[in-house]
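Down below is the structure, laid out as structure tokens.
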Amino acid sequence: CKQTETTSSHKKSRIPSTKPNQSKPKQTMASSVVATGQAQEAFTQLKGNLNKYTRANDRRMVLRSLKDVKYLMDIPLEPIQLRDEYEIPEMEEEVSKERVALNGVQFVPLSNSEQLKGQKLSEMLLTLKELCKKLCHMEDVTVDAFSLYDSLVQRMSPSNSSSDSYFKLNSLLGSPDLLVMPVTTKNPTPIRVNLYVSRGTVHATISSYCTYGIFRKADVKPADMHKGTTKGRAWIDVHSIVDERVNFTNGQSVRALRVKLPDSYY
């Protein structure tokens, strides 16, 4: 059953409960190679269909072509490139402005009044620091609490997840006639983080959400462009989810991009 989320509205930090997630079965090397070849063939065919149906202004067939590609639900991403320590405060500032669900407890962003008072960290980040210390002091855990916190902040940073999904989607869906651009939403989905220890090993799953629009270049006016976004209405709305599973004890991680398309063809 779906776990109920509670909203944090007071100042006192709470340490959410921790529990492991079920991990997906591992894919063999042979099946991985076959799947990669099939995915490349599917995306090559998709490019041709997008070009053909965009020029014909056939939105319905563009959507159908996108939905026919099952690989849009599991696009591999490169591991995140961790940055230097001096860049952590900038990413903390980014994350503090986001809604985050940490182990099922939902936290609100840092308010404008709190920022004006000089508060740098949101309640979620303060809670995350406590949780990292608690987990790293458990028996058989060898991960450093400060390194764990820094790594999580970087993986949660919107600039990391949004840039990866943006460039990947443009490489797959962009064309001489189509443009993928970020769009703003009134109620963005919270970043979801599940952090836990299993048999002395520290694990985390992180899901970050971004909303994009697929635009016909013929419809985009230069006056509507502003800092990498556009004010115009998208031809097709696209929701992307960057999922990451991390083992902080051995340093291994898996990242993938999922694409959600409109249910209706109209």
Side-chain angles (χ1 to χ4, degrees), residues 24 27 29-81 157-189 191 207-244 254-266:
K24 297 179 181 179
Q27 193 177 34
M29 184 176 294
S31 63
S32 178
V33 171
V34 171
T36 300
Q38 292 174 340
Q40 291 176 343
E41 183 179 346
F43 284 122
T44 299
Q45 183 177 353
L46 174 63
K47 280 271 192 181
N49 288 337
L50 291 181
N51 289 336
K52 177 172 65 175
Y53 296 126
T54 299
R55 289 167 185 169
N57 196 20
D58 193 337
R59 180 181 181 275
R60 183 173 179 275
M61 287 306 297
V62 167
L63 263 174
R64 173 168 287 184
S65 300
L66 290 168
K67 290 187 176 187
D68 284 344
V69 181
K70 63 180 181 179
Y71 300 103
L72 285 172
M73 290 300 297
D74 189 13
I75 305 169
L77 294 176
E78 293 294 324
I80 192 170
Q81 298 297 316
S157 168
S159 60
N160 283 330
S161 59
S162 62
S163 62
D164 286 346
S165 59
Y166 172 73
F167 287 114
K168 178 60 73 171
L169 286 177
N170 257 309
S171 68
L172 295 175
L173 309 181
S175 72
D177 301 295
L178 286 179
L179 183 67
V180 179
M181 296 289 289
V183 295
T184 56
T185 56
K186 293 182 179 179
N187 298 301
T189 305
I191 301 168
S207 295
S208 302
Y209 301 78
C210 295
T211 303
Y212 297 97
I214 298 179
F215 296 84
R216 292 197 315 154
K217 290 184 178 179
D219 298 332
V220 178
K221 301 176 182 178
D224 291 334
M225 302 294 292
H226 179 69
K227 294 183 178 179
T229 63
T230 180
K231 299 177 182 178
R233 183 178 178 181
W235 198 36
I236 297 172
D237 291 317
V238 174
H239 300 281
S240 73
I241 305 102
V242 175
D243 293 317
E244 182 171 16
V254 177
R255 296 177 79 220
L257 172 65
R258 289 185 287 136
V259 176
K260 295 183 68 176
L261 298 162
D263 294 327
S264 174
Y265 286 103
Y266 300 98

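All values below come from the heavy atoms of this structure, side chains included, with hydrogens, waters and symmetry mates left out.
Annotation for Val183 and Gly213: closest pair CG1-N, 4.0 Å, computed over non-hydrogen atoms. Nearest heavy-atom pair across Ile241 and Asp243 is CG2-OD1, 3.4 Å. When all heavy atoms of Leu72 and Phe43 are compared, the pair lying nearest together is CD2-CE2, 3.7 Å. Nearest heavy-atom pair, Leu173 versus Leu46, reported as atom, atom and distance to 0.1 Å: CD2-CD2, 3.8 Å. Asn49 and Ser65 make their closest contact through CB-OG, 3.6 Å (heavy atoms, listed as atom of the first residue, atom of the second, distance).
Although no hydrogens or angles enter the test, the distance criterion places no donor-acceptor pair under 3.5 Å between the side chain of Arg255 and the main chain of Pro79. Judged by distance alone, with hydrogens and angles left aside, the side-chain atoms of Ser165 form a donor-acceptor pair with the main-chain N or O of Ser162 at under 3.5 Å. With hydrogens and angles ignored, the 3.5 Å screen pairs a side-chain donor or acceptor of Arg59 with a backbone N or O of Trp235. Proximity of a side-chain donor or acceptor of Lys52 to a complementary backbone N or O of Val62 within less than 3.5 Å is not detected. Between the side chain of Tyr209 and the backbone N or O of Pro188, no donor-acceptor pair lies under 3.5 Å. Side chain of Lys67 to main chain of Asp263: a donor-acceptor pair is present (N/O by atom type, distance under 3.5 Å, no hydrogens or angles).
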request  = Take Arg216 and Asn57 through the test side-chain contact (heavy atoms from CB on, under 4.5 Å) and record every step on the way to the result.
outcome  = CA-CA 9 Å; Arg216 292 197 315 154; Asn57 196 20; 3.4 Å; yes
inquiry  = For a side-chain contact (heavy atoms from CB on, under 4.5 Å) check, start with the C-alpha distance between Leu257 and Asp164, then their side-chain angles and the critical distance, and finish with the verdict.
reply    = CA-CA 9 Å; Leu257 172 65; Asp164 286 346; over 6 Å; no
inquiry  = Between Tyr166 and Met181, is the side-chain contact (heavy atoms from CB on, under 4.5 Å) condition met? List the steps.
reply    = CA-CA 8 Å; Tyr166 172 73; Met181 296 289 289; 4.2 Å; yes
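Here Arg55 contributes atom CZ and Leu50 contributes atom CG; the two are 11.0 Å apart, rounded to the nearest 0.5 Å. Atoms NZ and OG1, on Lys186 and Thr211 in that order, are 13.5 Å from each other to the nearest 0.5 Å. One distance of note links CD1 of Ile80 with CD of Glu78; it measures 12.0 Å at 0.5 Å rounding. Atom-to-atom distance recorded for Leu66:CG and Leu261:CG is 5.5 Å, nearest 0.5 angstrom.
Tested against Ser240 for a side-chain contact (heavy atoms from CB on, under 4.5 Å), the candidates Cys210, Ser161, Ser208 yield a single pass: Cys210.
Residue-environment remark: NZ (Lys217) exceeds the threshold of 12 foreign heavy atoms within 6.0 Å.
For the pair Asn170 and Tyr212, the minimum side-chain heavy-atom distance is 4.5 Å or more.
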